[in-house]
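Read the numbers this way: they start at 1 and go in the same order the structure lists the ligands and their atoms.
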Amino acid sequence: MTKRNRPWGYNPNTVQSAGRELRPDTLAVRGALMRTGFQETSEALFLNSGFTYDFAEQAEASFAETEDHHLYSRFSNPTVQMFEERLALIEGAEAAHATGSGMSAMFASVACLVSSGDRVVASGAMFSSCYVVLTEILPRWGVEVEVVIDNTPEAWAKALSKKAKAVFIETPSNPLMEIVDIALVAELSHKAGALLIVDNVMASPVLQKPLELGADVVMYSATKHIDGQGRVLGGALLGSKEYIDQHLKPFTRHTGPSLSPFNAWVLLKSLETMSMRVHKMADSAFEVATAMSSHAAFKNVHHPFLDSHPSQALAKKQMLKGGTTLALELKSKEQAFNLMNRLEVIDISNNLGDSRSLITHPASSTHRRLDPETQARMGISPGTLRLSIGLEDPKDLIEDLLLALKG
Ligand SMILES: *Cc1c(COP(=O)(O)O)cnc(C)c1O
């Protein structure tokens, strides 16, 4: 048994030493549990910024990495480490690194790889802050970014016929649930010499496993389904040990987007219920999407598992369920605002993946930062609403929507 980074009475009766393949739901409550000498049941919260050393020689050896010892919570912390290791076990990744928000994970995922003159290729529909990082911030430092507007195999093959350093895709996309073929883009990325990074936020670790489909790095906003209860911000990146240790950590160690130990502790507990929550929310989202798809008020209802979705077959190939979010398209901003204002159960809020159902108007909130042409190209119209389904009884949500539509 390796004792690496487990100086406080690591319980050997856990997965790493059991020599058995435990399933993700078991790993979500048992994996990477690091108990102190007090043998507490639940994970300890190490709310400290620094660590002490018995001797100067121990500090020297710790910095030289010949001795295993936490140095400073900007680099590592036992509670954060438990969250990282548990998430890696659930995802089936070699290694994980947690960050203070989804956006700091997103930025670090690409920034740790690229230099001026390098080329990055990205999918065309995504969360607007990711789009701003890719198309406005990275180009300021001489990184060339090409956005693949038509999400077709031909367009991807063309964009990746030239060398690239990284490919960044979001699938399903926020908010219209557009699907990118992960296996295809992984193959093309590797031929172009690039690592494929997948923003897996909308699917969550429960419904889609990009690493199994050939992706190199998975990115999460832990704020969404991982917390899933509207409490804390967090982010995470998962991939090979080489990517995490050789590329990512040398970048984050000095730039400092660390996850707070308190948030890590909240997120650790959230991992225990994540699969249960996401499955129920995904089942309800499909039920609500199906009920709304036959309503005359909507021009379109976007949900990857509906027959009307253009990529339903691909979504069913790479996802277990169609996600917990849907997009509803009304004819105008006025109709969209009227519907939002008449809802009584569903809250108006721009978060998603929460236990409470939340509705937002992307054109004036989450995607406001994008110019109208980019919004239109992503399929976001003045009448588009994004609905994130929570843990309520789906019948109450359908009734809330139907009553609000009646006016
Ligand atoms: C919310 C979100 C992010 C950003 O995460 P934060 O935790 O808010 O920083 C990135 N990508 C997608 C798809 C998101 O929904």
Side-chain angles (χ1 to χ4, degrees), residues 80 83 87 96-111 122-138 168-180 182 197-208 210 215 217-238 252 255-260 262-264 266-267 270 274 278 281-282 285 302 304 319 322-327 349-354 358-362 365-370 378-380 384-390:
V80 176
F83 169 63
L87 188 61
H97 185 61
T99 59
S101 70
M103 282 321 301
S104 55
M106 185 272 156
F107 177 66
S109 74
V110 183
S123 56
M126 65 173 71
F127 185 65
S128 78
S129 292
C130 300
Y131 198 77
V132 169
V133 167
L134 290 165
T135 61
E136 293 181 33
I137 297 176
L138 290 173
F168 187 91
I169 62 172
E170 178 178 310
T171 181
S173 69
N174 178 352
L176 282 186
M177 307 301 278
E178 201 176 287
I179 307 291
V180 180
I182 299 174
I197 305 162
V198 177
D199 180 335
N200 203 35
V201 170
M202 300 298 280
S204 89
V206 182
L207 302 180
Q208 182 168 269
V217 179
V218 177
M219 183 221 114
Y220 288 112
S221 160
T223 320
K224 310 295 167 57
H225 303 85
I226 295 178
D227 172 35
Q229 289 149 93
R231 301 167 298 186
V232 299
L233 291 177
L237 291 163
L238 298 106
T252 54
T255 53
S258 329
L259 178 66
S260 127
F262 178 78
N263 289 5
V266 172
L267 293 167
S270 307
M274 175 176 67
V278 170
M281 285 154 64
H302 304 264
M319 297 175 76
T324 64
T325 304
L326 49 136
S349 174
N350 46 282
N351 200 359
L352 64 87
D354 197 89
L358 306 173
I359 198 162
T360 193
H361 180 250
S365 64
T366 53
H367 289 69
R368 182 192 173 85
R369 179 71 177 67
L370 304 178
M378 289 187 183
I380 300 165
T384 304
L385 292 174
R386 185 189 75 197
L387 176 57
S388 167
I389 298 297

Enquirer: Check for a donor-acceptor pair, side chain of Thr324 on one end and backbone N or O of Gly353 on the other, with a separation under 3.5 Å.
Expert: no
Enquirer: What short N/O contacts, under 3.5 Å, does ligand 1 make with the protein, listed by atom pair and distance?
Expert:
{"from": "ligand 1", "atom 1": "5 (O)", "to": "Ser221", "atom 2": "OG", "distance (Å)": "3.1"}
{"from": "ligand 1", "atom 1": "7 (O)", "to": "Gly102", "atom 2": "N", "distance (Å)": "2.9"}
{"from": "ligand 1", "atom 1": "7 (O)", "to": "Ser221", "atom 2": "OG", "distance (Å)": "2.7"}
{"from": "ligand 1", "atom 1": "7 (O)", "to": "Thr223", "atom 2": "OG1", "distance (Å)": "2.6"}
{"from": "ligand 1", "atom 1": "9 (O)", "to": "Gly102", "atom 2": "N", "distance (Å)": "3.1"}
{"from": "ligand 1", "atom 1": "9 (O)", "to": "Met103", "atom 2": "N", "distance (Å)": "2.8"}
{"from": "ligand 1", "atom 1": "11 (N)", "to": "Asp199", "atom 2": "OD2", "distance (Å)": "2.8"}
{"from": "ligand 1", "atom 1": "15 (O)", "to": "Asn174", "atom 2": "ND2", "distance (Å)": "3.2"}
{"from": "ligand 1", "atom 1": "15 (O)", "to": "Lys224", "atom 2": "NZ", "distance (Å)": "2.8"}

Enquirer: Within the distance-only criterion (no hydrogens, no angle test), does the side chain of His367 pair as donor or acceptor with the backbone N or O of Asn174 below 3.5 angstrom?
Expert: yes
Enquirer: Pick out which of Leu326, Leu176, Thr366, Ile359 makes a side-chain contact (heavy atoms from CB on, under 4.5 Å) with Arg386.
Expert: Thr366
Enquirer: For the residue pair Leu370 and Tyr131, establish whether any side-chain heavy-atom pair is separated by less than 4.5 Å.
Expert: yes
Enquirer: Quick one: does any side-chain atom of Thr223 pair with a main-chain N or O of Gly234 as donor and acceptor, under 3.5 Å?
Expert: yes
Enquirer: Compute whether any side-chain donor of one residue and acceptor of the other, for Ser270 and Arg231, lie under 3.5 angstrom apart.
Expert: yes
